[in-house]
Amino acid sequence: MFTDEVLDSVSVQSLWRKSQQAAQESKGCQTRVVHSAEAVVQTVSTTISSTQTEPQDQETEQLLLLLQKRDEPEPPGLRDFLQRVEGLVIRELVKNAKSHAFDGLLVNWEDYSQRVSCLHCLQHPSAQERGLHVTSVSWSCTGSVIACAYGRIDDGDWSTERSCVCTWNLNRRGLHTKQADLVIDVPTAVTALCCHPNQPALIAGGLYSGEVVVWDTSRTQDPILAQTGMSADSHREPVYQVAWVPLQRKGEFGVLSASSGGRVLLWTVDSDQGRFVLNAAYALVRQQVPHSSSARFKACGSNTVGVTSLALSPWDPDTFLVGSEGGLLLRCSFSSQTPAAVPSEGQSVTLRAPAVFSFRPRSGPVHSIHCSPFHRNLFVSAGTDGQVHLHSLLQPNPLVSLRVSDSYVFQVQWSPTRPLVFAAATGQGEVQIFDLGRRSPKAAATIVQGDAGQAATCFDFNCQNPHLLAVGKTDGTVGIWQLSTDLTEQSSRESSQLEQIANQVAE
Amino acid sequence: MLTRRIQGQKGVQGIIIVNSEGIPVKTTLDNSSTVQYAGLIHQLVMKARSTVRDIDPQNDLTFLRVRSKKNEIMIAPDKDYFLIVIQNPSD
């Protein structure tokens with residue numbers, strides 16, 4: 001059955017202790033010796049500063065910069081002065097604009113003359129005996145000397161009749177109406193005359209033979225300063241207009257002459273040699289005339305466009321106006337470079353075609369053109385149809401046409417003082433003065449001198465004494481007239497009225 | 001502009017500010033007109049002022065208006081400057 005047994009004990013040796021002590025090594029290392037050194041530094045002076053940004057206003061900065069650049073430093077006290085004075089001045093301005101205190105107030109500094117009266121009637125007996133007509137009158141630049149040219153206006157043929165140019169000084173005490181102060185004998189009829197705008201002694205004249213002459217009235221011996229002579233350069237036909245033209249160099253003037261041979265020539269005066277030097281030459285030929293839409297051309301007759309009148313524009317030194325025998329009215333340019341279609345006849349300067357624009361042609365020769373001294377676009381023209389046409393440089397058709405007389409109109413000229421007034425010399429012997437502001441087809445004043453049968457061929461306003469007007473007639477007399485004050489004094493609205501007329505569009 | 005309020009009034013054609021020696025300091029007109037106005041009006045203001053003071057030494061010129069056919073010139077004088085305004089009241 002059950003018995004007790006005793007067993008032997010079993011022991012297990014620890015392997016761990018033995019493994020720990022099993023393999024062991026030891027190692028050691030050491031760095032090399034470290035080198036070290038010592039040095040000392042000290043500052044001699046010290047400063048302290050600091051900066052800080054500020055918030056910026058962009059707009060005011062730019063404005064300040066702009067203003068400083070444009071103005072010089074403002075004069076001291078100006079702003080204060082203006083602030084003090086502004087209120088007072090504005091009050092006065094406003095009161096003045098509303099005030100009726102001066103309405104209708106007329107102040108007369110000079111004697112108000114209501115009538116047109118004849119002051120003198122100048123005659124040259126030897127010219128009158130030969131039945132010469134006065135062909136041109138011109139006031140000198142001082143306004144005291146009137147120069148008159150004698151010749152014939154009804155001549156068709158070449159004539160060798162001698163004529164003369166007479167001058168009278170109206171301010172001299174011993175004025176003899178029947179005896180001229182100076183008489184210059186001329187071998188042929190004088191057809192055009194123009195006094196120099198600055199030098200009172202010089203007078204330019206155009207002759208029937210085609211010559212252009214400048215007389216110096218200060219010379220006692222021989223008054224001829226220069227003449228063209230009969231060279232290849234000069235005109236072959238009567239010179240119907242001469243004018244003094246300002247040249248490139250300030251203060252110098254050249255002479256522009258226009259003849260019925262279709263030539264317009266610009267001369268410079270060479271006073272040492274006593275001759276003219278041709279500066280520029282323009283020839284007008286029918287083919288080179290610009291056609292306006294309303295012009296009808298007959299391609300017959302002579303090729304040349306005979307020039308009977310010439311006008312310079314006081315506003316534009318490049319423009320001049322030309323009127324022809326056939327009724328053409330052209331605007332021309334000094335600077336045109338188109339060569340003219342005429343055979344060269346040995347001139348020293350090449351001929352150019354100057355026509356730029358053509359206005360509506362008239363039915364007969366255009367005797368006179370004049371540019372308005374008050375408006376750059378307006379000019380008047382007159383011819384054989386008895387009417388005066390007011391044109392604008394910008395349109396081919398006339399703005400206003402006024403019937404002046406039943407016969408020819410020989411000359412038309414604007415008044416130098418009143419923008420709306422112009423005068424016309426008619427074949428019936430009258431000079432009619434028209435006022436565009438009056439809106440009436442009748443003349444504001446009529447000057448009748450001598451007999452009615454004699455035509456008034458020429459007249460000239462005196463720019464220095466605006467109430468004087470000289471009228472020359474075919475009976476050889478020159479009348480000096482004094483105009484009434486209302487024809488010579490400008491009223492305040494005239495310039496704007498003229499502007500309105502100029503801005504009309506012709507129908 | 002300093003003179004804008006005056007320029008905006010009805011009919012004002014031009015404004016010139018002249019200093020005590022007659023030299024224009026500011027202007028709205030062209031150069032040649034300005035010089036002409038400045039010289040002539042300076043003389044006129046001096047004459048007007050001396051006239052007023054000769055009549056009564058305690059009095060002095062405050063304002064000068066010159067009316068002509070075409071326009072009116074108003075002058076506000078002061079110790080250092082004159083203000084010249086040209087107005088056309090009928091415009």
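Quick caveat, the model's predicted, so the values are computed rather than measured. Below, chains carry the letters A, B, ... as their sequence lines are ordered, and counting in each starts from 1. Below, each value reflects all heavy atoms present in this structure, side chains not excepted, and no hydrogens, waters or symmetry copies.
- Summarising the local packing, CG of N31(B) is surrounded by 12 or fewer heavy atoms from other residues, nucleotides or ligands at distances under 6.0 Å.
- If you measure heavy-atom distances from L93(A) to chain B, the contacts under 4.5 Å come from both the backbone and the side chain.
- Atom NZ of residue K26(B) and atom CG of residue L78(A) lie 6.5 Å apart, to the nearest 0.5 angstrom.
- Between V85(B) and E92(A) there is no side-chain heavy-atom pair separated by less than 4.5 Å.
- Counting heavy atoms from C-beta outward, Q9(B) and V89(A) have side chains that stay 4.5 Å or more apart.
- Using a 4.5 Å cut-off on side-chain heavy atoms (C-beta onward), I17(B) and F81(A) make contact.
- Of the listed residues M74(B), K70(B), K79(B), the one with more heavy-atom pairs under 4.5 angstrom with chain A than any other is M74(B).
- In terms of heavy-atom pairs under 4.5 angstrom with chain B, the leader among N96(A), V94(A), I90(A) is N96(A).
- Between Q87(B) and A97(A), the shortest heavy-atom contact is NE2-CB, 4.0 Å.
- The 12-atom threshold is not exceeded at CD of Q36(B), counting heavy atoms of other residues, nucleotides or ligands nearer than 6.0 Å.
- Remark: S99(A) OG to E72(B) CD distance equals 8.0 Å, nearest 0.5 Å.
- When the shell of 6.0 Å around CZ of R79(A) is examined, it contains 12 or fewer heavy atoms from other residues, nucleotides or ligands.
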